[in-house]
Amino acid sequence: MSLCARSDRYFRITDCLPWRLSMHAITDQKVRVRFAPSPTGYLHIGGARTALYNWLFAKQHNGTFILRIEDTDAERSTDESIQAILDGLRWLGLDWDEGPTFQSANRPHHLEAARRLLESGHAYKCFCTQEDLKRKRLEAEKEKKSYGYDRTCRGLSPEEIASREEQGLPYVLRFKVPDPSLDDGPEGLAGESVAFEDLVYGRVEKRLQDIEDFVIVRSDGLPLYLLSNAVDDMRDGITHVIRGQDGLGNTPRQILIYRALGSPLPSFAHMNLTLDPKRAKISKRRHGEVVTVDFYRKRGFLPWALCNFLLLLGWSTEDNREIVTREEAIREFTLARAGRANSVFDYRKGDPKFFTDPKAIAINAEYIRTMDIEELAGLVRPELEEAGLWDPAYAAERRDWYIHTLDLIRARYHTLKDFAVLGRPYFSEDFEIEPKALSKNLQKDTRLKDWLPELADRLEAVDPFTLESTEAAVRAFAEEREVKAGLIINAVRAAVTGQLAGPGLFEILVTLGRASTAARLRRTALLL
RNA sequence: GGUCCCAUCGUCCAGCGGUCUAGGAUACUGGCCUCUCACGCCAGAGACGCGGGUUCGAUCCCCGCUGGGACCGCCA
């Protein structure tokens, strides 16, 4: 219990409850976690969240975060799809300490482990054909009975096995799940059930009779995931397996493997799944780009804003803050506070305003309008460059102007892309007049066609060109024409930015400067 | 069909037996601010799936039901 008395920054009380000590004193060891995606051609947000939780846990405990690519499905594993995962993680800022390692490279170890299981009597050769098994399964399904391997080959005598091997019959290796009723399980696996204490879900127990003798090596000699994954985790000295809840059902079988191999158990923590609005598992095939990390990069998300959003999909701070910095997340993250119920990724298909979960956008927008302006300046630069709006002077003599302009417009922008699209009039003379701005603010009063150039003349004479002086000039102009200042102000905004909405007009004018303001007013008047 | 997991506003979360006329965020509505739109501020609407227990008292504990999800492959 001494460990638990010590709730220092390395180990939270919740991470070292008494049962943990009875399993293995893993809290004594340095934390080692891993993210083990299979390369599917992209990193999706569910995977990113798994990576994030592992990363946070490692960082908090000063541990090691390992990246392992589970590339044993040859068809899906291409260089490109592996690269996509690395790129996604790098962009998110989830740096790994070891790897990437590849599951395929560890195949000799997987087979060695299988050999040991066979020799120690924890596994046996099964000669049943896939056709037979499939037939039996279909039959069971038809009779609405449970289907599991019927253990036909479990009782084969050494002679029978030898004879079949002589005939050259192919076989798979199956794990011999201890059968309490037969009491024929090998030593060390006794008991009616296998139970473990999940760091998120609590005690999870599964009866041995409900676990079938699962295959660990295929007939072509290739090891299967359940075995490979466990063996890799043993080799990598993984102390905490933090993965999606879809791995919860695999855990009892993997624990059986650990025990049969005489290896200490890691702690397990399963995370709730992220579902779509119809409560189905998310996948690129069904949902498209919106579930990929790359989509958010391309749409101008800040990496940490995405992480922040993902973090909250199943976890909360003690005081319920929604904006959590990277440092705070590392400090405050606890598996004990992770939610157990699945959460819904609330994106709406074809919604022009909310191209993804509104909360994700809100969080991104929050960061954009509150983050350090210098940092934002650095992030917006590539966006402007890409759009051909970047002026090298923004990094030199016009730097102050650049910063000030960003600060002026950022409050109404949601993504980095907005600076290059909605922000275009602030960085270029070449911009469109939005139809609505034209009809609502410029064409409503036909006199504006004459007034705009007159106002241009007037403003050109204003010196100095300041917030106060421009406002005085515009308001005086409106008064002389006996119209409300708002009419002129809104018309001018539409004329110089092409937009209906934007910062306070005089801020805009000063930012654009005298010459540009006058030129834009005259140019727009020609369109009326 | 079997096994396992889950269940609070539309969505994401808080709540860990009384402090709940159930709190926050987001989205929505109204107002304030105001030259517009945002921001900000204020207000409103909006949830404990159902039925049994346990208890002086249940959102919170137990059971059942219903609903949702996951797993059950010689995929990972």
Side-chain angles (χ1 to χ4, degrees), chain A residues 36-40 70-73 75-77 103 126 128-130 133-134 137 140-148 170-174 198 201 204-207 209-212 214-222 224-226 228-229 244-253 270 272-273 275 277 279-281 309 312-323 337 339-347 354 357-363 365 369 409-413 437 440-441 471 474-475 478 484-494 499-506:
Chain A
S38 56
T40 49
E70 307 220 311
D71 61 339
T72 37
D73 184 348
E75 288 167 37
R76 286 192 285 191
S77 300
Q103 184 165 70
C126 169
C128 295
T129 64
Q130 292 197 60
L133 294 173
K134 193 172 180 184
R137 191 155 44 233
E141 215 162 319
K142 203 156 59 178
E143 293 172 39
K144 294 203 179 292
K145 288 199 298 198
S146 66
Y147 39 90
Y171 61 84
V172 299
L173 247 41
R174 281 184 188 276
D198 191 274
Y201 285 91
V204 177
E205 185 168 3
K206 194 168 172 87
R207 288 176 306 180
Q209 66 187 59
D210 293 325
I211 305 175
E212 68 171 325
F214 51 97
V215 177
I216 54 175
V217 178
R218 313 202 296 204
S219 56
D220 62 3
L222 292 177
L224 252 17
Y225 165 78
L226 227 41
S228 302
N229 181 261
Q245 195 223 53
D246 44 358
L248 198 57
N250 290 332
T251 310
R253 287 179 293 174
H270 288 89
N272 66 338
L273 264 24
L275 310 175
R279 309 211 162 251
K281 218 170 152 180
F309 168 71
L312 264 24
L313 235 41
W315 186 79
S316 58
T317 62
E318 276 185 54
D319 57 355
N320 258 318
R321 275 171 297 128
E322 306 284 330
I323 299 298
R337 281 192 71 80
R340 289 175 285 277
N342 292 339
S343 53
V344 170
F345 173 59
D346 190 27
Y347 82 103
F354 299 110
D357 192 314
K359 192 142 193 175
I361 295 176
I363 290 173
R369 66 174 174 265
I409 58 182
R410 66 166 162 173
R412 43 188 63 69
Y413 293 170
K440 280 187 78 172
N441 288 349
E471 176 157 10
V474 170
R475 287 191 187 279
K484 287 204 287 190
L487 174 77
I488 303 298
I489 288 172
N490 289 328
V492 173
R493 180 183 295 102
Q499 295 170 356
L500 221 40
L505 178 69
F506 309 107

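Every chain is numbered from 1 and lettered A, B, ... according to where its sequence line falls, protein lines coming before strand lines.
The same atom, C1', is picked in B:G24 and in B:A14; the two are 7 Å apart, to the nearest Å. Rounded to whole Å, the separation between the P atoms of B:G10 and B:G49 comes to 11 Å. Separation of the C1' atoms belonging to B:A45 and B:C9 is 10 Å when rounded to the nearest angstrom. Taking the C1' atom of each, B:A76 and B:G18 are spaced 50 Å apart, rounded to whole Å. Using P as the reference atom, B:C75 and B:C61 are 42 Å apart when rounded to the nearest Å. Using C1' as the reference atom, B:G67 and B:G30 are 36 Å apart when rounded to the nearest Å. Here, B:U3 and B:U26 have their P atoms 44 Å apart, quoted to the whole Å. Rounded to whole Å, the P atom of B:A25 lies 14 Å from the corresponding atom of B:C39.
Summarising the base pairing, B:C4 is matched to B:G69 through a Watson-Crick or G-U wobble pair whose two defining distances lie under 3.5 Å. Using the Watson-Crick or G-U wobble rule with both distances under 3.5 Å, B:G40 pairs with B:C32. A 3.5 Å limit on both hydrogen-bonding distances identifies no Watson-Crick or G-U partner for B:C74. Using the Watson-Crick or G-U wobble rule with both distances under 3.5 Å, B:C50 pairs with B:G64.
Heavy atoms of A:Glu143 sit nowhere under 4.0 angstrom from any nucleic acid atom. Contacts of A:Arg410 with the nucleic acid, taken as non-hydrogen atoms under 4.0 Å apart, are absent. Residue A:Lys281 is classed as a sugar-phosphate contact, given heavy-atom separations below 4.0 Å to backbone atoms only. Among the protein residues, A:Glu205 comes within range of the sugar-phosphate backbone only, with heavy atoms under 4.0 Å from sugar or phosphate atoms but none that close to a base. A:Arg137 comes within 4.0 angstrom of sugar-phosphate atoms only, judged by non-hydrogen atoms across all strands, and of no base. Residue contacts for A:Val172: at a heavy-atom cut-off of 4.0 Å it reaches a base atom on one of the strands shown. Residue A:Gly339 is classed as having no contact, given no heavy-atom separation below 4.0 Å to the nucleic acid.
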Practice item. With side-chain contact (heavy atoms from CB on, under 4.5 Å) as the test, would you mind laying out the steps for A:Phe354 and A:Asp346 before giving the verdict? Key: CA-CA 10 Å; A:Phe354 299 110; A:Asp346 190 27; over 6 Å; no
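Under the 3.5 Å distance criterion, with hydrogens and angles disregarded, a donor-acceptor pair is assigned to the side chains of A:Gln103 and A:Thr72. One side chain, A:Tyr201 or A:Gln245, offers a donor N or O that lies under 3.5 Å from an acceptor on the other.
Counting heavy atoms from C-beta outward, A:Lys359 and A:Glu322 have side chains that approach closer than 4.5 Å. A:Asp198 is listed as a side-chain neighbour of A:Leu248, based on a closest heavy-atom distance under 4.5 Å. A:Val215 is not listed as a side-chain neighbour of A:Leu173, based on a closest heavy-atom distance of 4.5 Å or more. Taking the side chain as every heavy atom from C-beta outward, A:Ser343 and A:Asn272 approach each other to under 4.5 Å.
You can call A:Tyr147 stacked on the base of B:G1; the centres are under 5.5 Å apart and the planes sit within 30°.
Sequence order on RNA chain B of the closest nucleotides to A:Leu226 and A:Trp315 puts A:Trp315 first from the 5' end. Nearest-nucleotide positions on RNA chain B place A:Leu313 closer to the 5' end than the other of A:Leu313 and A:Tyr413.
Residues A:Ile211 and A:Arg253 share a closest heavy-atom pair of CG2-CG, 3.5 Å.
Note on A:Arg340: every side-chain N or O is 4.0 Å or more away from OP1 and OP2 of B:C13. Considering only side-chain N and O atoms, A:Asn250 lies nowhere under 4.0 angstrom from the phosphate OP1 or OP2 of B:U3. Taking side-chain N and O atoms only, A:Ser343 has a distance below 4.0 Å to OP1 or OP2 of B:C13.
Side-chain atoms of A:Ser316 and base atoms of B:C13 include no donor and acceptor less than 3.5 Å apart.
Comparing B:C6, B:C71, B:C74 by their nearest atom to the side chain of A:Gln130 picks out B:C74. Closest to the A:Arg337 side chain, of the nucleotides B:G15, B:A7, B:U3, is B:G15. Taking the side chain of A:Asp210 as heavy atoms from C-beta on, and the options B:G69, B:C13, B:U3, the nearest nucleotide is B:U3.
Applying the side chain to side chain contact (heavy atoms under 4.5 Å, CB included) criterion to A:Arg337, with sequence neighbours excluded, gives A:Trp315, A:Ser316, A:Glu318, A:Thr334.
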Revision key, fill the gap. The contact string for nucleotides 20-37 of chain B, one letter per nucleotide 5' to 3', using protein heavy atoms under 4.0 Å with B, S and - for base, sugar-phosphate only and none, comes out as ---BBBSSS------BBB
